[in-house]
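Note that the coordinates shown come from a computational prediction; the quantities given were computed from them, not determined experimentally. In this chain, residues are counted from 1 in sequence order.
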Amino acid sequence: MSGTHSANSSSSALLFTYIGQSLLGLPVAALLVAASLRGIDETLLKAAVSLGARDWQVFLNVVLPLSLHGVLSTLGLSFLIAFDEVLVAIFVRLTQIRERSPRYSLPLIFGK
């Protein structure tokens, strides 16, 4: 196998891993952010608009600070889900490499 072919397959495998991780975290992120946004009192939004705030000002000064706890918890849980799945992906990749050439050790696999 040539070096460019293995580099291309390695980069495409990494791309598919990124896409898969994003798809796994997306439903959790959507549910948590939606729940956080549902908890915002609508009278606060109406009060900001009645005081002359524009839509982007309402978002930046009212919605974003009130939903920040939901966004931060979304980041944390999405990271934990992705980290768990990356470990599975590493072990699968490790098994594939061992089947081709059992001489490699773990540090050499990550150096590729």
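Hydrophobic clustering places F59 together with I40 (ILVMFWY residues linked when any side-chain heavy atoms are closer than 4.5 Å, directly or through intermediates). Hydrophobic clustering, with ILVMFWY side chains joined whenever heavy atoms are under 4.5 angstrom apart, keeps L31 apart from L23. Two different hydrophobic clusters hold L68 and L77 under the rule that ILVMFWY side chains link at heavy-atom gaps under 4.5 Å. A continuous path of hydrophobic side-chain contacts links V58 to L37 [ILVMFWY only; heavy atoms under 4.5 Å]. When hydrophobic clusters are built by joining Ile, Leu, Val, Met, Phe, Trp and Tyr residues whose side-chain heavy atoms come closer than 4.5 Å, directly or via intermediates, I81 is not grouped with L26.
Between L66 and L44 there is a side-chain heavy-atom pair separated by less than 4.5 Å.
Applying the side-chain contact (heavy atoms from CB on, under 4.5 Å) test between L64 and each of V62, L60, N61 identifies L60 as the sole match.
A donor-acceptor pair under 3.5 Å is absent between the side-chain atoms of S36 and the main chain of L32, judged by distance alone. Looking at S73, its side chain does come within 3.5 Å of a backbone N or O of G70 through a donor-acceptor pair.
Shown here is D41, whose CG atom has more than 12 heavy atoms of other residues, nucleotides or ligands within 6.0 Å.
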